There are 2 protein chains.
Amino acid sequence: MAASGKGSGERATVVTLARLAGVAASTVSRALKGDPRISLATRRRIASLATARGYMPNVLARTLASGRSGLIGLVLGSVENPFYAELMQEAVAQASTRGLRLLLLHAGAGAMEDRTAEALLQYQVDGCLITSAELSSHAGRICAAHKVPVVMVNRVPLLHASAVACDNFQGGQAIADMFGAAGLRRFAVIRGNPDSSTSLERERGFVERLTADRLQAPLRLEGGSTYLGGFAAGQAIARMAKPDRPDAVFAVADIMAIGAMDAFRLAGLAVPKDISVAGFDGIAASSRPAYDLTTVAQPLHEMVTRALDLLNARIADTDLPDETVLLRGMLKVRGTVRRGA
Amino acid sequence: MAASGKGSGERATVVTLARLAGVAASTVSRALKGDPRISLATRRRIASLATARGYMPNVLARTLASGRSGLIGLVLGSVENPFYAELMQEAVAQASTRGLRLLLLHAGAGAMEDRTAEALLQYQVDGCLITSAELSSHAGRICAAHKVPVVMVNRVPLLHASAVACDNFQGGQAIADMFGAAGLRRFAVIRGNPDSSTSLERERGFVERLTADRLQAPLRLEGGSTYLGGFAAGQAIARMAKPDRPDAVFAVADIMAIGAMDAFRLAGLAVPKDISVAGFDGIAASSRPAYDLTTVAQPLHEMVTRALDLLNARIADTDLPDETVLLRGMLKVRGTVRRGA
DNA sequence: ATGTTTCATGCATACGTTTGCGCTGCTACA
DNA sequence: TGTAGCAGCGCAAACGTATGCATGAAACAT
């Protein structure tokens, strides 16, 4: 049998199908969409012809004619933080079931920004999902100028855009409450990327709740939202004299919490006996027995669903007002926090 | 007024620019490409007009006319293994500098395969990078039928396709040599996904070299290329009575080695004092002080470069024969292997 | 001064699809 | 029997770009 198996050589188009069916190309186009103006009999005939010939619509041509590409730009920052890899995977899976495809764009530094934004326009994306802190303002502005709807994920919008995020503030508070209830009294917070609203909100929720409860204000260490940053912060904490040393550490991202735990372990500090640890995100690694990390898990599936909903609505109606959806994360108390009072 | 309609709100097209420059659209098209047939003066004039108007070519229209989309399909499997996340990031970065964009496709189970393959054709991808074991045969066949060049990364081709991979066999041998030189004598290998040629080759290299050196054939455990699989295998090993227990474990992927190390640690087994461990891939986590894992690092950057080169060549000339590039990995001896003889 | 190149550009058409509008017949109602 | 209404379909014009071929003019050689 021939390499192609199906088609008799040429790629099937609406025109070829039309010729075969003895109708006009427009009829084929409409029939394939189930347009009720075409009789059921004709629709069936064309449909079976299409599958027989292995017809695949040329999405690009459709875009040109209709203005809709079915393409969503997914702008990623670094995926060093596994949370973003998980987010991406979820986005790909859900977009695919909705018949959307993702154009993957990397938001590197500086000059790349323009290239990234260019691509968004050149490929006529219908909308855009942004998960990167750095380029949000620039690309966001460009998208707004060209009427491309934008939804930020895990970010609050700095500009004209909608957003879906976890209620980071509330999550930070929840951690503070939990530490307090466990009888912990000396705190540290490992901060994230200072440009990320997400990190700041988590920290703010934590700190404000401690203050409100008249608990000691936490020591603040920089972690930069990376494993290495968390590790370094953990080392710094481990080096402190016992009386000064915090008995509970909140890292505003799991990946940093994991780094800190590794540092503690290497320094001979036991978790949670000597020091309690909590993170935020609920990445897969947090549930590994080796860490069993207490954390606030982000509702990843729901976040992506809502983000695509928001985007879809704004693609259908460009004039919809911006909207921010805040979803509550789920506190998962696991083994890294000392029990009881 | 209808004739002029110069409103800067209008999206600039070749036609718009042509009208403004007082030339034909074809001249604009050629000028923007730097076609030497157009005089330098005209080219300059049009170029400046284009930037002034913020002209962005419509890639989709270009594709329709020229047949080249500049789009590369990137077919991913699960990114549970961080190696693939790193690979993806590298691919995005390099593709972007070459002016290629990536259409992200997820290779889920079963039914998704068809949807995935459909998308490849519908969006007229110029070529396709496949990193997923499961769907390689199916999607590969479809691509071949439609003359879409395919390059497998980290896979050897089962079918009509080119490929770039690390020399997995040689890497497995290198691990065996290193274990032997360290005086280790009782071995275990934690196997990967049984459908993945990569995993099998690593294992084969390891086993054959041990055999060739008249060393004991290794115990074989299943790890399924996941953290959890590695962890379970580690637990199984840790449960063994000391005299039977291997003194060296080769996990054919770092993520499994890390799982096994966690299991050892939890079981009170010290690495490398009680047991030596080696992995394969060189993922970021392997270099963390908490693991400091001996491994064979894959030349990620080089692999992606070669893969894109292969793809480019086959896009330019569809009749180029398939080619498989094997790159040597780099053995990184770190702290998880007992020193000396 | 005439014929021949070379250069710079325009014309037309193609790519595959969508979509507004118009054209047939047929049915039904008066 | 005439005519309005409607179901079913075709025509043709987009969408933005690329490209083979034709064209006109200038430069060159004869």
Side-chain angles (χ1 to χ4, degrees), chain A residues 7 10-47 49-50 53-71 99 118 121-126 146-147, chain B residues 2 5 10-47 49-50 53-71 99 118 121-126 146:
Chain A
E10 297 299 311
R11 188 191 213 277
T13 74
V14 279
V15 177
T16 47
L17 290 183
R19 217 168 10 228
L20 287 168
V23 298
S26 52
T27 303
V28 174
S29 173
R30 286 193 255 257
L32 258 20
K33 278 204 189 46
D35 191 316
R37 298 192 317 178
I38 307 298
S39 74
L40 200 58
T42 313
R43 267 187 274 167
R44 289 229 176 96
R45 191 161 49 94
I46 293 180
L49 204 58
R53 291 286 165 163
Y55 169 73
M56 291 266 167
N58 182 331
V59 183
L60 273 33
R62 173 180 299 168
T63 302
L64 197 55
S66 71
R68 292 270 168 85
S69 65
L71 224 42
E118 264 178 33
L121 300 178
Q122 291 184 341
Y123 283 91
Q124 316 283 109
V125 298
D126 288 342
H146 289 258
K147 303 251 179 240
Chain B
E10 301 287 327
R11 189 190 213 278
T13 73
V14 277
V15 178
T16 326
L17 292 182
R19 213 161 23 219
L20 288 168
V23 298
S26 52
T27 303
V28 174
S29 174
R30 286 193 254 256
L32 259 21
K33 278 206 188 47
D35 191 317
R37 298 192 317 176
I38 306 297
S39 72
L40 200 59
T42 314
R43 266 187 274 166
R44 289 228 175 96
R45 189 160 51 93
I46 293 180
L49 203 58
R53 290 285 165 166
Y55 170 73
M56 291 266 165
N58 183 331
V59 183
L60 272 32
R62 173 181 299 168
T63 302
L64 195 56
S66 71
R68 293 271 167 84
S69 65
L71 224 42
E118 264 178 34
L121 300 178
Q122 292 184 341
Y123 283 91
Q124 315 283 111
V125 298
D126 288 343
H146 290 257

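Every heavy atom of this structure was used, including side-chain atoms; hydrogens, water molecules and symmetry mates were not. What you see is a predicted model; the values in this text were computed from it and never measured. Chain letters run A, B, ... following the sequence lines, proteins first, then strands; residues in each count from 1.
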Summarise how protein sits on nucleotides 17-25 of chain C as a single string, 5' to 3': B when a protein heavy atom is under 4.0 Å from the base, S for sugar-phosphate-only contact, - for no contact.
BBBBB----
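- Checked against side-chain contact (heavy atoms from CB on, under 4.5 Å), B/Ala47 has no partners two or more places apart in sequence or in another chain.
- Protein atom CD of A/Gln124 is 9 Å distant from nucleotide atom C1' of D/dG16, rounded to whole Å.
- We find that CD1 of B/Ile38 is positioned 13 Å from P of C/dC11, with the value rounded to whole Å.
- Taking five base pairs at each end of the helix from C/dA1-D/dT30 to C/dA30-D/dT1 and finding the rotation axis that steps the C1' atoms of four pairs onto the next four gives two axes whose angle is 50°, to the nearest 10°.
- With rounding to the nearest 0.5 Å, the separation of OG1 in A/Thr27 from CG in A/Leu17 is 12.0 Å.
- Checked against side-chain contact (heavy atoms from CB on, under 4.5 Å), B/Ala21 has the following partners two or more places apart in sequence or in another chain: B/Val23, B/Arg45, B/Ile46, B/Leu49.
- A/Thr16 contributes no side-chain N or O that, together with a main-chain N or O of A/Ala12, makes up a donor-acceptor pair within less than 3.5 Å.
- Here the side chain of A/Arg11 pairs a donor or acceptor atom with the backbone of A/Met56 at under 3.5 angstrom.
- Distance CG/A/Leu60 to OH/A/Tyr123: 9.0 Å, rounded to 0.5 Å.
- Legend: residues meeting side-chain contact (heavy atoms from CB on, under 4.5 Å) with B/Leu64, ordered by chain and number and at least two apart, are A/Asn58, A/Ala61, A/Leu64.
- Taking side-chain N and O atoms only, B/Thr42 has a distance below 4.0 Å to OP1 or OP2 of C/dT9.
- With rounding to whole Å, B/Leu32 atom CG is found 9 Å from D/dT17 atom P.
- Every residue two or more places apart in sequence or in another chain that forms a side-chain contact (heavy atoms from CB on, under 4.5 Å) with A/Ser29 is listed here: A/Lys33.
- Counting to the nearest Å, the C1' atom of D/dC15 and the CG atom of B/Leu64 are 9 Å from each other.
- Looking at heavy-atom distances under 4.0 Å, B/Val28 makes no contact with the nucleic acid at all.
- Distance, A/Leu17 CG to D/dG10 P: 13 Å, rounded to whole Å.
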